[in-house]
Structure formats: C-alpha cells, structure tokens
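First up is the structure itself, then whatever we jot down about it.
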Amino acid sequence: MLDLRHVAEHLDEVKRELARRGFRDDALFARLADLAEKRKSAITTTETLRAELNQASDAMAAIKDKKSEEFAQKRAELRTLGDRIKEHEGALKEIEGELEDLLLVLPNLPHETTPDGKDEHDNVEVRVVGEKPTYGFEPKDHVDLGLGLGIFDFERAAKISGARFVVLRGLGARLERALMQFMLDVHTGEHGYTEMWTPVLVKDTAMRGTGQLPKFADDSFRIQGGAPYDGDPSKEPAASSDFYLVPTAEVSLTNLHAGEILDGAELPFGYTAYTPCFRKEAGAYGRDTRGIIRQHQFDKVELVRFCTEEQGLDELERLTGHAENILKKLGLHYRVVALCAGDMGFSARKTYDLEVYLPGQGAYREISSCSYCGDFQARRMGARYRPAPKQKPRFLHTLNGSGLAIGRTMVAILEQYQNADGSVTIPEALRPYMGGLERIEPVK
RNA sequence: GGAGGAGUGGCCGAGUGGUCGAAGGCGGCGGUCUUGAAAACCGUUGGGCCGGUGACGGUCCCGGGGGUUCGAAUCCCUCCUCCUCCGCCA
C-alpha cells in the first residue's frame with residue numbers, strides 16, 4: 001500500500017510512476033484526491049467537537065451534586081453533542097474505508113532503477129552464468145525424460161486430482177525431497193537464513209498483507225469456512241472466515257512480523273521455508289500444459305528478508321545472489337534478467353528473474369523471481385522497526401525470492417543433465433542427498 | 001465437541017463509571033557516585049492520526065468489533081486468543 005500522504009501530496013508524480021507499469025485510472029486518482037481532502041476536514045470537525053465534549057464532561061465531574069438542576073441540564077445538552085459527534089465519526093469512517101479500498105488496489109511504485117517497458121519482451125538481460133550445454137544428440141524435454149525414468153505419473157495424478165498435477169514416483173519423489181533439503185541446508189548454513197516451518201492455510205488478512213488480495217482473488221484457492229473471524233466490520237463474517245492456500249511461502253513468512261515493531265539493530269535478517277504452493281493458474285489456459293512447469297500444487301523453498309530503507313537495494317542483490325548460488329552449486333546454466341516496469345508483480349519495486357536454460361525447449365524459463373518491495377507490504381500489514389532507541393518507528397522494507405522453485409529445478413536438472421541413453425546424471429552437490437546415487441537410469 | 005478461567009504499556013502487575021495513557025516493580029536509556037564496574041540515588045522511557053517551521057496543542061488506542069452513558073480500561077453484547085478439566089483424534 002502506498003502512503004496516503006505521499007499520494008495526495010504528489011499525485012501527478014505517483015500517476016506518472018504508476019503509468020510506467022501500465023496502471024492508469026484517472027477517475028480513481030480524482031476520487032482519491034477528493035476523499036483525502038474530505039478526510040482531513042472530517043477529522044478536524046470531529047476532533048473539535050470531541051475536545052468540546054471532553055472538556056464539558058470533565059466539568060460535570062466537578063459538580064458535586066449529581067441531582068442538581070444544573071447537572072441535569074448540562075447532561076441534556078451534552079447528549080445532543082454526543083449524537084452529533086457520532087454522526088461525524090460515522091461519516092469519517094466511511095471516507096477512510098473507501099480510501100483504504102482505493103489504496104489497496106494501487107500497485108507499488110517501480111524503482112527508478114527498474115527499466116521501462118511494457119511486457120516480458122522489454123526485460124533486460126543482466127548477466128548470463130555458465131555455458132549453454134551442448135549434446136551430441138537431440139535433447140529431450142523433461143516429460144519424455146521423466147516418463148522414461150519412471151518418475152512421473154500424470155495419468156494417475158489426473159485420476160485423483162485432474163489436470164496440472166503430477167505424481168512423483170520412486171527416485172523422482174526422492175529427488176524432490178533431496179532438492180528441498182539441499183536448498184534449506186545451503187540457505188541456513190551458508191547464507192544465514194533462519195529456517196521456518198509455517199502454516200500454508202492463512203487468513204485473508206495475511207493475503208492482503210503481501211498484496212495477493214484484494215486484487216488477485218481469482219488466482220487463489222479459497223477454503224470455505226474455518227478461519228477465525230477477525231471482527232472487521234467492513235466484511236461479512238462469512239467472507240473473512242475463509243482460509244486461503246498460500247500461493248507462495250512469501251505470504252506466511254512476510255506476515256510473521258505484521259503489527260510488530262522490530263529493533264533496527266537486528267536488521268537485516270532473513271527467513272527461509274519450504275512449503276507447498278497452490279495456484280489456480282487462471283488466465284494460463286493452454287500455456288505450459290505439458291509437463292510440470294505450471295502446476296496447481298508445487299514445492300518451493302522461499303527466501304524472505306527484512307531490512308531498512310537504506311539497505312533495500314543492496315539486499316536485493318544479496319538475496320538474488322543467494323538464489324543464484326543454488327543454481328551455481330547444481331551446475332545449471334542460467335541468466336538473470338531485470339524485469340521492466342510493465343512486467344513486474346503488484347507489490348514489487350524492482351525484480352530480478354532467474355531464468356534457467358531448458359535444452360528441451362531451447363529456451364530460458366523462470367525458476368526464481370527476486371523482488372524488492374520497499375515498504376509497500378510492511379505498510380499493508382503494519383510491520384515496523386525502530387532505527388535506534390528513542391527514534392520514531394518506520395516501516396520495514398521487505399524482499400522475497402524463490403530459492404528455488406523445486407519442480408522447475410528438477411525440470412532443469414533432467415534436461416541439462418540428460419545423457420544419450422535417456423539416463424540423467426545427478427549433480428554432484430545433490431548426491432549426498434540421494435544416498436550417493438550418481439545417475440537415474442531409464443526403466444526397461 | 002462440552003465445562004470453567006483469563007486477556008492492561010518491552011515484561012510483571014494495580015486499577016471495577018469521572019482530571020487514568022493508566023500506580024508500583026522489572027527491563028531500557030541518560031546522569032550522579034566510582035580508577036573501572038556493580039550497588040545506590042535522581043531523571044527519563046508506547047503508538048496512530050490532525051494542526052503547527054518549531055516549542056507544542058488536539059484526538060484516538062487498556063485482545064478485535066459493536067453498544068449503554070454527559071463520561072468506559074472499568075457495565076452490556078459479540079468475536080478472537082491463551083490456560084485448566086472432560087471427550088475425541090493424526
């Protein structure tokens with residue numbers, strides 16, 4: 001969420017910056033500016049009346065004889081005043097409610113270092129790491145490889161769950177588990193992250209905190225009933241008592257510090273967690289229907305960092321490096337691209353995508369997305385830090401990135417490490433996690 | 001699922017209708033003392049919003065929401081969370 005004050009006082013600048021990412025809505029901005037004005041005057045009015053009432057009430061407390069004529073008369077007077085205050089407060093509440101609704105649908109401002117551009121074609125390649133592997137044969141894609149190895153079972157997955165699901169069998173399931181362990185060990189052991197294990201069923205407030213709601217409700221799986229009603233009067237109890245399946249552990253991890261004030265001396269720090277992730281993939285009909293690139297349920301090890309405003313950009317480089325380190329250790333060829341303003345996610349100010357090379361497709365595909373969100377998420381969830389004792393709290397700056405998406409890592413390993421006979425070599429770094437296994441052989 | 005109990009400032013804890021944003025203690029910070037430290041003593045120590053260049057003023061916040069009242073941390077309703085006991089269970 002953007003700062004109301006900032007938006008109201010720099011409206012044209014905000015409009016210009018949001019236009020960079022393709023967000024244009026003059027009517028919304030006009031309404032916003034109007035409401036911001038109304039809010040101020042409504043506050044002034046109610047507070048003036050309040051002050052009057054408080055003063056008069058104190059005076060009544062001083063009257064000794066509560067049965068006197070004077071007392072009764074004052075009471076009658078103040079009753080009217082109280083009613084007026086309630087009216088004004090109701091109006092103010094309505095204004096603030098509408099303002100918040102508007103602010104919640106505004107995306108984050110792109111950082112000045114984020115390149116201009118409309119869509120993925122305008123993304124900027126930052127660096128290429130490793131060499132594009134060459135094969136003395138026609139490389140297969142991960143589906144043919146996985147089926148040949150007997151580690152994928154799409155038919156049985158469809159039987160129990162439908163399209164966009166997979167069952168991993170034998171060494172495939174083992175590989176999934178190995179990757180999870182390997183990634184968590186590297187991030188905790190070498191990059192200083194604290195390992196967390198979190199719920200994956202969260203309340204709507206958590207989804208709002210990181211920016212999935214209210215705008216992207218259609219992309220999320222919603223579980224009817226069960227969640228505690230938080231007493232938010234702007235919503236029906238039924239609407240807010242649903243759980244959501246997290247689309248990424250970013251939701252669980254970042255919201256951990258909602259409503260808190262952290263000690264600035266602790267910053268920066270990071271959390272890592274393995275969780276399953278759930279996405280409807282609405283609007284992706286027909287895309288990546290083959291294989292396990294795009295599933296309704298997938299595993300991911302996530303990285304989340306909290307820092308100060310000053311640390312933000314450096315932290316993005318650092319976090320991106322941590323995710324890259326996994327690819328490097330696995331010996332996977334990849335490239336880093338800076339997303340252009342038009343291709344960035346809702347909550348991001350600046351994003352690097354890590355794209356791993358897939359010989360089966362002859363293309364680079366996203367395997368991690370590392371974003372710097374500034375104070376956008378922290379303001380939505382009220383997560384702050386105190387820079388130094390006695391200083392005023394400020395909103396935290398948050399970052400998140402996949403480290404990495406496990407299914408896509410498996411795809412990359414299968415494709416990049418494939419051999420002419422259809423076997424797949426296990427990257428050395430992973431062998432300790434695979435019981436020393438060096439390669440997976442095709443089934444007869 | 002059933003029956004009870006409780007939620008107050010960083011923490012502990014008092015407050016049961018009126019100058020209470022809230023006693024007291026601990027912790028934190030600053031100071032006195034000390035060669036240094038401890039102890040002791042003194043002072044200080046929440047957040048949001050509105051106005052003001054500022055000193056500061058106003059207002060709201062005692063788990064969340066709503067209500068009663070001239071006035072609520074204190075009374076009522078409701079939700080949430082935690083604790084104890086019973087039942088059930090991976």
Side-chain angles (χ1 to χ4, degrees), chain A residues 1-9 33 35-100 103 197 199-206 208-209 225-243 255-267 375 378-396:
Chain A
M1 184 159 65
L2 301 180
D3 179 24
L4 173 61
R5 249 199 142 94
H6 177 78
V7 176
E9 287 169 13
L35 285 168
E37 275 310 306
K38 287 198 169 118
R39 170 175 172 269
K40 280 196 186 183
S41 68
I43 286 174
T44 308
T45 313
T46 51
E47 290 194 352
T48 307
L49 292 175
R50 267 267 165 225
E52 198 182 312
L53 180 77
N54 287 344
Q55 223 171 8
S57 278
D58 287 347
M60 287 190 72
I63 297 176
K64 289 281 178 290
D65 184 4
K66 309 287 188 207
K67 296 209 169 93
S68 67
E69 189 95 345
E70 184 194 4
F71 193 88
Q73 196 184 333
K74 285 226 163 191
R75 187 163 59 193
E77 266 173 50
L78 291 190
R79 168 169 225 143
T80 325
L81 182 58
D83 289 344
R84 275 175 64 209
I85 289 173
K86 265 176 201 160
E87 269 173 47
H88 280 96
E89 281 177 341
L92 174 61
K93 222 171 203 182
E94 225 166 276
I95 292 169
E96 294 198 312
E98 196 185 336
L99 262 176
E100 198 186 6
L103 284 173
W197 187 91
V200 296
L201 231 38
V202 299
K203 299 195 287 184
D204 63 336
T205 49
R208 181 143 16 96
Y229 174 49
D230 66 6
D232 182 344
S234 72
K235 294 173 303 184
E236 291 300 309
S240 68
S241 64
D242 284 352
F243 279 122
N255 278 287
L256 251 24
H257 292 298
E260 297 183 8
I261 300 177
L262 303 182
D263 177 0
E266 294 169 12
L267 302 170
D375 63 6
R379 181 173 289 109
R380 290 169 90 94
M381 65 181 75
R384 294 174 292 171
Y385 70 99
R386 197 182 301 281
K390 301 257 186 186
Q391 293 203 318
K392 277 197 154 287
R394 299 200 296 176
F395 286 111
L396 282 162

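By convention in this document, chain letters (A, B, ...) are assigned in the order of the sequence lines, proteins followed by strands, and residues within each chain are numbered from 1.
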Tell me whether A/Arg384 contacts the main-chain N or O of A/Arg394 through its side chain, where contact means a donor paired with an acceptor under 3.5 Å. no

Would you classify A/Lys40 as touching base, sugar-phosphate or nothing, given that sugar-phosphate means primed atoms plus P, OP1 and OP2, and contacts are heavy atoms under 4.0 Å? sugar-phosphate

Rounded to the nearest Å, what distance is computed from the NZ atom of residue A/Lys392 to the C1' atom of nucleotide B/U45? 15 Å

Pairwise C1' distance for B/A72 and B/C77, with rounding to whole Å: 15 Å

Could you work out the separation of B/G46 and B/G27 based on their C1' atoms and round it to a whole Å? 15 Å

From CD of A/Glu260 over to P of B/C11, roughly how many Å is that when rounded to an integer? 11 Å

Gap in Å between the two P atoms, one belonging to B/G66 and one to B/C60, rounded: 15 Å

Quickly work out the A/Asp263 CG to B/G10 P distance and round it to whole Å. 14 Å

Paired with B/U32 by Watson-Crick or G-U wobble geometry, both distances under 3.5 Å: which nucleotide is it? B/A40

Given atom CD1 of A/Ile85 and atom P of B/C50, what is their separation to the nearest angstrom? 20 Å

Please tabulate, one pair per line, all N/O donor-acceptor pairs under 3.5 Å involving side-chain atoms of residues 78-90 of chain A, not counting sequence neighbours.
| unit_1 | atom_1 | unit_2 | atom_2 | d |
| --- | --- | --- | --- | --- |
| A/Thr80 | OG1 | A/Ala76 | O | 3.3 |
| A/Thr80 | OG1 | A/Glu77 | O | 3.4 |
| A/His88 | ND1 | A/Arg84 | O | 3.1 |
| A/Glu89 | OE2 | A/Arg50 | NE | 3.2 |
| A/Glu89 | OE2 | A/Arg50 | NH2 | 3.3 |

Apply side-chain contact (heavy atoms from CB on, under 4.5 Å) to the pair A/Arg379 and A/Leu103, showing each step before the final yes or no. CA-CA 11 Å; A/Arg379 181 173 289 109; A/Leu103 284 173; over 6 Å; no

Sub-3.5 Å donor-acceptor pair from the side chain of A/Asn255 to the main-chain atoms of A/Ala206, do we have one? yes

Nearest to the side chain of A/Pro393, heavy atoms from C-beta on, is which of B/G48, B/C50, B/C70? B/G48

Just so I know, are the side chains of A/Asp375 and A/Leu396 near enough to count as touching, which here means a heavy-atom distance under 4.5 Å? no

Please state the C1' separation for the pair B/C75 and B/C56 - nearest whole angstrom. 37 Å

Can you tell me if CD on A/Glu9 sees more than 12 non-hydrogen neighbours from other groups inside 6.0 Å? yes

Rounding to an integer number of angstrom, what distance separates B/C80 and B/A23 when you compare their P atoms? 33 Å

A/Ile261 or A/Leu4, whichever maps to the more 5' nucleotide of RNA chain B: A/Ile261

A/Arg386 side-chain N/O to B/G10 phosphate OP1/OP2 under 4.0 Å: no

May I ask you to say what A/Leu53 touches in the nucleic acid, namely base, sugar-phosphate or nothing, with a heavy-atom cut-off under 4.0 Å? sugar-phosphate

Determine the Euclidean distance between corresponding C1' atoms of B/G7 and B/A14; express it in Å to zero decimal places. 15 Å

Look through every strand shown and name the nucleotide pairing with B/U84 as Watson-Crick or G-U wobble, where both distances are under 3.5 Å. B/A3

Does A/Tyr385 reach the side chain of A/Asp263, with side-chain heavy atoms less than 4.5 Å apart? no

If you measure from the C1' atom in B/G15 to the same atom in B/G24, how many Å do you get, rounded? 11 Å

When rounded to whole Å, the CD to P distance for the pair A/Glu52 and B/C60 reads 13 Å

Rounded to whole Å, the CD-C1' distance (A/Glu37 to B/C49) equals 16 Å

Name the pairing partner of B/A72, where a pair is Watson-Crick or G-U wobble with both distances under 3.5 Å, or state none. none

Between A/Arg384 and B/G47, does any side-chain N or O lie under 4.0 Å from OP1 or OP2? no

Can you give me the N/O atom pairs linking the protein to nucleotides 77-82 of chain B at distances under 3.5 Å, or say none if there are none?
| unit_1 | atom_1 | unit_2 | atom_2 | d |
| --- | --- | --- | --- | --- |
| B/C79 | O2' | A/Tyr229 | O | 2.8 |

Under 4.5 Å between any side-chain heavy atoms of A/Leu35 and A/Glu96, yes or no? no

Pair partner, B/C89 [Watson-Crick or wobble, under 3.5 Å]: none

Gap between atoms CD and C1', on A/Glu89 and B/C49 respectively (whole Å): 13 Å

Side chain of A/Arg75: nearest nucleotide among B/C49, B/C70, B/G58? B/C70

Would you say A/Asn54 reaches B/C60's phosphate, i.e. side-chain N/O to OP1/OP2 under 4.0 Å? yes

Across every strand shown, the nucleotide meeting Watson-Crick or G-U wobble geometry with B/G51 (both distances under 3.5 Å) is B/C56

Say we look at B/G67 and B/C12: how far apart would their C1' atoms be, to the nearest angstrom? 33 Å

Residue whose closest nucleotide on RNA chain B lies nearer the 5' end, A/Arg5 versus A/Ala51: A/Arg5

Would you mind telling me which of B/G71, B/C49, B/G65 lies closest to the side-chain atoms of A/Ser57? B/G71

Can you see if the side chain of A/Lys86 gets near the phosphate of B/U69 - specifically, an N or O under 4.0 Å from OP1 or OP2? no

May I have the distance from A/Met60 (atom CE) to B/U69 (atom P), rounded to whole angstrom? 13 Å

For a quick test of reading the model: is some side-chain N or O of A/Arg50 closer than 4.0 Å to OP1 or OP2 of B/G58? no

Is a side-chain N or O of A/Arg386 found less than 3.5 angstrom from the main chain of A/Gln391, in a donor-acceptor match? yes

Going by purine N1 to pyrimidine N3 plus the second Watson-Crick contact, or the G-U wobble pair, all under 3.5 Å, which nucleotide sits opposite B/C11? B/G25

As an exercise, state the distance from CZ of A/Arg39 to NZ of A/Lys93, rounded to the nearest 0.5 Å. 14.5 Å

